[in-house]
Number of protein chains: 2
Amino acid sequence: MMDWIDITLLTALQRNARTSLANLARALNMSGPSVSERLKRLEEQRVIEAYVPVLNIKSLGYTLEAIVRMQPLPGQLKALEKQIIDTPNITECDKVTGEDCFIARLVLRDITELDEILDGFSTIAMTATSIVKSSPVKRRTPPLQSAGRSTT
Amino acid sequence: MMDWIDITLLTALQRNARTSLANLARALNMSGPSVSERLKRLEEQRVIEAYVPVLNIKSLGYTLEAIVRMQPLPGQLKALEKQIIDTPNITECDKVTGEDCFIARLVLRDITELDEILDGFSTIAMTATSIVKSSPVKRRTPPLQSAGRSTT
DNA sequence: AATGAAAAATGTAGCCA
DNA sequence: TGGCTACATTTTTCATT
């Protein structure tokens with residue numbers, strides 16, 4: 001499925017996903033068209049799902065982040081899931097095993113916005129909120145190894 | 001600081017951060033050089049911190065995700081933070097208020113890998129693990145509004 | 001996977017509101 | 001300050017080997 005050239009390619013893209021094919025080709029010691037082919041294949045296979053800019057949320061006016069664990073009140077599971085999806089301040093949410101059920105990340109303009117949003121959930125869920133003080137590990141990619149063909 | 005043109009530009013990049021300047025220019029009804037200028041400004045101001053490919057973690061051989069809450073044992077706060085940073089399977093981790101202290105996201109090849117990694121933390125932290133069953137909200141950007149100049 | 005030519009995109013410079 | 005056009009350079013794409 002994926003060999004070391006693909007892994008090198010993905011690694012280079014992680015440094016800067018807007019790098020030109022020509023640049024990538026130089027980094028890999030390959031021709032432009034070859035790199036283009038491989039990239040297209042990785043996109044079509046959905047190994048690469050998208051290319052996104054990483055935005056600084058402070059610049060967007062969000063001064064605060066929080067992690068909220070949510071447990072639906074009886075019969076409110078679907079309603080809770082819908083409201084989570086419909087809350088644009090929630091930038092990430094997982095449904096998990098155990099008591100908590102949902103773990104969501106929120107971005108907030110200020111502390112009053114946190115209060116407003118949690119109020120909106122109070123009729124359908126129990127919540128436990130943690131304010132983010134720092135992020136020792138920012139979103140990063142784990143070691144790239146193929147699920148398929150060996151890389152040796 | 002940021003006007004509606006910048007917001008439109010950031011929105012277009014979120015659809016595909018590898019889009020050419022020429023394409024972005026067409027989408028914004030502007031000239032190439034103007035868009036190039038704005039993009040450079042957003043990068044220099046660090047509104048855009050980076051451009052990254054979104055990779056499918058299943059394709060990379062990770063079959064499982066978990067959220068782990070960690071509380072350092074007495075005197076182990078720094079050691080715990082270091083080990084978190086040094087664990088490549090942790091793709092995201094926040095230091096938060098309250099009992100939990102750290103909330104980490106892990107990607108795993110299989111359930112035995114979870115066991116191994118948690119064992120490695122057992123001497124420095126109490127852990128509470130939740131396995132991810134689904135992700136109702138995948139990483140997304142909250143509403144883009146400027147922290148500075150109005151957008152009206 | 002590479003080559004080479006055609007088409008497209010980019011960066012630069014000078015100019016305008 | 002922003003944005004524009006014009007043009008030289010680089011990159012991308014496509015057909016072919």
Side-chain angles (χ1 to χ4, degrees), chain A residues 1-61 144-152, chain B residues 1-56 59-61 141 143-152:
Chain A
M1 278 250 91
M2 228 172 59
D3 60 16
W4 74 269
I5 299 179
D6 288 329
I7 293 189
T8 311
L9 180 52
L10 294 176
T11 305
L13 283 169
Q14 284 184 296
R15 273 194 286 279
N16 177 9
R18 270 186 75 78
T19 309
S20 69
L21 286 176
N23 248 320
L24 293 168
R26 281 187 283 269
L28 302 186
N29 270 298
M30 287 173 76
S31 70
S34 303
V35 175
S36 176
E37 274 285 314
R38 276 179 179 267
L39 203 49
K40 193 179 297 173
R41 207 174 52 83
L42 290 168
E43 289 163 4
E44 279 164 0
Q45 288 178 169
R46 304 293 280 163
V47 174
I48 299 173
E49 296 180 342
Y51 301 96
V52 297
V54 178
L55 303 183
N56 181 313
I57 66 154
K58 295 245 194 291
S59 304
L60 304 177
L144 302 181
Q145 295 170 231
S146 161
R149 183 204 304 176
S150 137
T151 64
T152 54
Chain B
M1 275 255 88
M2 225 170 65
D3 60 16
W4 73 270
I5 300 179
D6 288 328
I7 293 188
T8 313
L9 179 52
L10 293 177
T11 306
L13 282 169
Q14 283 183 295
R15 275 194 286 280
N16 176 8
R18 269 186 76 79
T19 310
S20 69
L21 285 175
N23 251 320
L24 293 169
R26 280 188 284 270
L28 301 187
N29 269 296
M30 287 174 75
S31 70
S34 303
V35 175
S36 175
E37 271 289 311
R38 276 179 179 268
L39 202 51
K40 193 181 298 175
R41 206 174 54 83
L42 291 168
E43 289 164 3
E44 279 164 0
Q45 287 178 168
R46 304 295 280 162
V47 173
I48 300 174
E49 295 181 340
Y51 301 97
V52 297
V54 177
L55 304 183
N56 180 312
S59 304
L60 304 177
T141 305
L144 302 181
Q145 295 169 234
S146 161
R149 186 204 302 176
S150 138
T151 65
T152 54

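Atoms considered below: every heavy atom in the structure, side chains included; atoms not considered: hydrogens, waters and symmetry mates. Letters A, B, ... mirror the listed sequences (proteins, then strands); counts begin at 1.
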What is the separation between atom [atom1] on [X] and atom [atom2] on [N], rounded to the nearest whole Å?
| X | N | atom1 | atom2 | result |
| --- | --- | --- | --- | --- |
| A/L21 | C/dA2 | CG | P | 14 Å |
| B/N29 | D/dC4 | CG | C1' | 14 Å |
| B/N23 | D/dT12 | CG | C1' | 13 Å |
| A/D3 | C/dA1 | CG | P | 7 Å |
| A/L24 | D/dT10 | CG | C1' | 15 Å |
| A/M30 | D/dT11 | CE | P | 17 Å |
| B/E37 | C/dT12 | CD | C1' | 11 Å |
| A/R18 | C/dG11 | CZ | P | 9 Å |

Next on the checklist: Please compare A/I5 and B/R26 by the position of their nearest nucleotide in DNA chain C and report the one closer to 5'.
Outcome noted: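 Checking each residue's closest nucleotide, the 5'-ward one belongs to A/I5.
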[N] phosphate, OP1 or OP2: any side-chain N/O from [X] under 4.0 angstrom?
| X | N | result |
| --- | --- | --- |
| B/S20 | D/dT12 | no |
| B/R38 | D/dG3 | yes |
| A/S34 | C/dA1 | no |
| A/S36 | D/dT12 | no |

Checklist entry - Looking just at side-chain N and O atoms, do A/Q45 and B/S59 make a donor-acceptor pair shorter than 3.5 Å? => result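 Not at all, the side chains of A/Q45 and B/S59 share no donor-acceptor pair under 3.5 Å.
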Checklist entry - Taking the side chain of B/P33 as heavy atoms from C-beta outward, which of C/dT3, D/dT5, D/dT12 is closest to it? => result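 Selected nucleotide: D/dT5.
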Would a 4.5 Å heavy-atom cut-off, applied to side chains only, mark [X] and [Y] as touching?
| X | Y | result |
| --- | --- | --- |
| B/L9 | B/M2 | no |
| B/I48 | A/L55 | yes |
| B/D3 | B/R38 | yes |

Item to check | Greater than 12 external heavy atoms within 6.0 Å of A/E49's CD | outcome: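 More than 12 within 6.0 Å, yes.
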